[in-house]
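Heads up: the structure comes next, in structure tokens.
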Amino acid sequence: MSAPVLAAGLVDAANEAALPALQEDYDALGLQLARRSIELERVTEAAGRFSVALPSWGVGSGGTRFARFPGAGEPRDIFDKLADCAVVHRLTAMTPRVSPHFPWDAPGDPAELRAYAERLGLGFDAVNSNTFQDSPGQALSYKFGSLSHTDPAVRAQAIAHNLECIRLGESIGAKALTVWIGDGANFPGQQSLARVFERYLESVAEIYAALPPDWRLLLEYKLYEPAFYATVVQDWGSALLAAQATGPRAAVLVDLGHHAPGTNIEQVVARLIHAGRLGGFHLNDSKYGDDDLDAGAIAPYRLFLIFNELVDAERRNRLPTAPAYMLDQSHNVTDPIESLLLSASEAARAYVQACLVDRAALDAAQGANDALLATQILKRAFTTDVGPILAMARYRGGGAIDPLAAYRASGYRAMCASGRPVRAASGGGIV
Ligand code: RM4
Ligand code: MN
Ligand code: MN
């Protein structure tokens with residue numbers, strides 16, 4: 001199977017043209033950081049080590065429950081999706097893994113899928129199960145829930161699907177299963193709030209029992225939608241209880257869009273680190289709810305503050321297992337590849353900014369209860385333009401100095417448009 005690829009030499013030629021200006025900016029930033037006793041090269045190396053996984057479902061146009069407007073040359077299956085992800089990785093040099101979603105991405109032959117990904121220079125991150133909608137051929141419906149359903153037969157079916165996800169994941173080299181369920185109620189009284197959670201815990205325990213020893217189980221919470229009165233795993237408290245009740249390799253997955261507006265997500269992150277149960281992230285941005293907007297598009301300072309907690313925890317050796325960084329976005333009005341290029345970069349930007357925080361000065365300001373100075377120390381790191389560090393890290397990693405410009409010059413989407421017929425416009429839904 002062959003995939004559309006970027007023209008040979010395209011990135012190199014663009015980089016060659018952009019390098020002199022980048023070098024100037026990079027050197028100037030180096031001088032500025034040296035005055036702050038920060039070693040530029042150390043930060044650039046850290047930037048080069050940063051990576052974030054791509055969501056397989058993010059390379060197609062998303063949609064809302066009202067409509068989906070497909071774009072030209074959209075991926076038709078997991079192989080096309082991987083080809084698009086490879087383009088993102090080729091240009092950013094920081095997205096070497098893809099997080100697949102089953103059954104959407106279920107391969108006929110997992111070995112073939114794994115080999116294809118390897119040829120593209122990609123691996124797999126956490127696999128995602130899907131019991132929030134009914135799939136073709138499925139015996140029982142998830143209309144009234146899945147892992148927490150009142151009917152043991154429905155629960156058994158949902159558990160079996162998760163075990164199948166583990167099996168598929170093993171055959172493609174994944175090491176984690178992410179479970180997000182849409183289970184919940186629209187009306188007070190519709191469900192027993194107590195028993196529905198107990199049933200969920202029982203189901204999760206069965207999934208955990210089948211988890212390979214080197215795997216992790218990531219439990220994702222979400223405030224509301226599709227359930228509008230009470231979601232079974234509605235917040236980090238319930239997810240943490242579930243992880244703690246399940247076993248040491250169960251941890252919480254924080255999707256940035258899954259909180260009530262105004263929630264202090266960085267504080268949630270700090271608490272999960274304290275509990276040793278921070279499993280990973282679905283990075284995206286939101287203004288009102290689970291908007292799935294591009295990471296850093298709305299609240300870049302919040303993203304920075306989250307990474308500030310992570311970098312601080314790293315420094316204090318409080319992150320024995322690195323959290324899984326994954327994007328989880330829905331691209332409704334942009335070329336999904338362009339959104340992913342920039343979102344990966346925004347995640348790295350927040351991380352690098354957080355690396356610039358003067359931790360000793362912050363400790364001292366906190367110790368002295370100097371609120372204004374403490375907050376200025378954070379702002380100083382946040383407002384530093386780390387663009388040259390990101391570009392240099394990409395360049396050194398074999399990516400593009402300017403990924404978006406290189407992508408736009410490549411004609412990749414037009415190439416796909418001629419090889420991949422447009423899918424018929426369907427109703428709502430994210431895929
Ligand atoms: C959900 C949740 C899950 C993702 C689906 C597609 O809102 O964020 O992580 O798998 O969307
Ligand atoms: Mn998510
Ligand atoms: Mn979501």
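In each ligand, atom 1 is the first atom listed, and ligand 1 is the first ligand listed.
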Metal site the Mn ion (ligand 2): N/O/S of His282 inside 2.8 Å: yes

Answer yes if the side chains of Tyr142 and Gln157 hold a donor-acceptor pair under 3.5 Å, and no otherwise. yes

Are any of the N or O atoms of Asn128 closer than 3.5 Å to those of ligand 1? no

For the ring pair Phe307 and Tyr325, is the centre-to-centre distance below 6.0 Å? yes

Are Gln329 and Ser339 linked by a side-chain donor-acceptor pair shorter than 3.5 Å? no

Carboxylate-amine/guanidinium proximity below 4.0 Å for Arg76 and Asp80: yes

Check Asn130 against ligand 1 and report side chain, backbone, both or neither, counting heavy atoms closer than 4.0 Å. neither

Looking only at side-chain N and O atoms, does Asp294 offer a donor or acceptor that is under 3.5 Å from a partner on Asn284? no

Show me which atoms of ligand 1 lie under 4.0 Å from any heavy atom of His258. 2 (C), 7 (O), 8 (O)

Is the ring centre of Tyr288 less than 6.0 Å from the ring centre of His259? no

With the threshold set at 4.0 Å, does a side-chain nitrogen-carboxylate oxygen contact exist between Glu41 and Arg396? yes

Do the side chains of Lys222 and Asp255 get close enough for a salt bridge, i.e. N-O under 4.0 angstrom? no

Taking the Mn ion (ligand 3) as the apex, His258 NE2 and Asp290 OD1 span an angle, rounded to 10°, of 80°

Do Lys81 and Glu74 sit within salt-bridge range, that is, some charged N less than 4.0 Å from a carboxylate O? no

Taking only heavy atoms of Asp255, which atoms of ligand 1 are found under 4.0 Å from at least one of them? 8 (O)

At a 4.0 Å cut-off, with the gap strictly under it, does some heavy atom of Glu225 reach an atom of ligand 1? no

Would you check whether Trp180 has a nitrogen or oxygen atom less than 3.5 angstrom from a nitrogen or oxygen atom of ligand 1? no

Taking only heavy atoms of His101 into account, list the atoms of ligand 1 that are under 4.0 Å away from them. 4 (C), 6 (C), 10 (O)

In Glu220, the N/O/S atom nearest the Mn ion (ligand 2) carries the name OE2

With respect to atom 2 (C) of ligand 1, which of Gln133, Glu220, Lys222 exhibits the smallest heavy-atom separation? Glu220

Can you tell me which N/O/S atom of Asp255 has the shortest distance to the Mn ion (ligand 2)? OD2

Side-chain donor-acceptor pair present, Gln133, Trp104, cut-off under 3.5 Å: yes

Under 4.0 Å from any heavy atom of His282, which atoms of ligand 1 are there? 9 (O)

Is Trp57 in polar range of ligand 1, meaning some N or O pair under 3.5 Å apart? no

At a threshold of 2.8 Å, where the distance has to be below it, does the Mn ion (ligand 2) have an N, O or S atom of Asp328 nearby? yes

Looking only at distance, does Asp290 have an N or O less than 3.5 Å from an N or O of ligand 1? yes

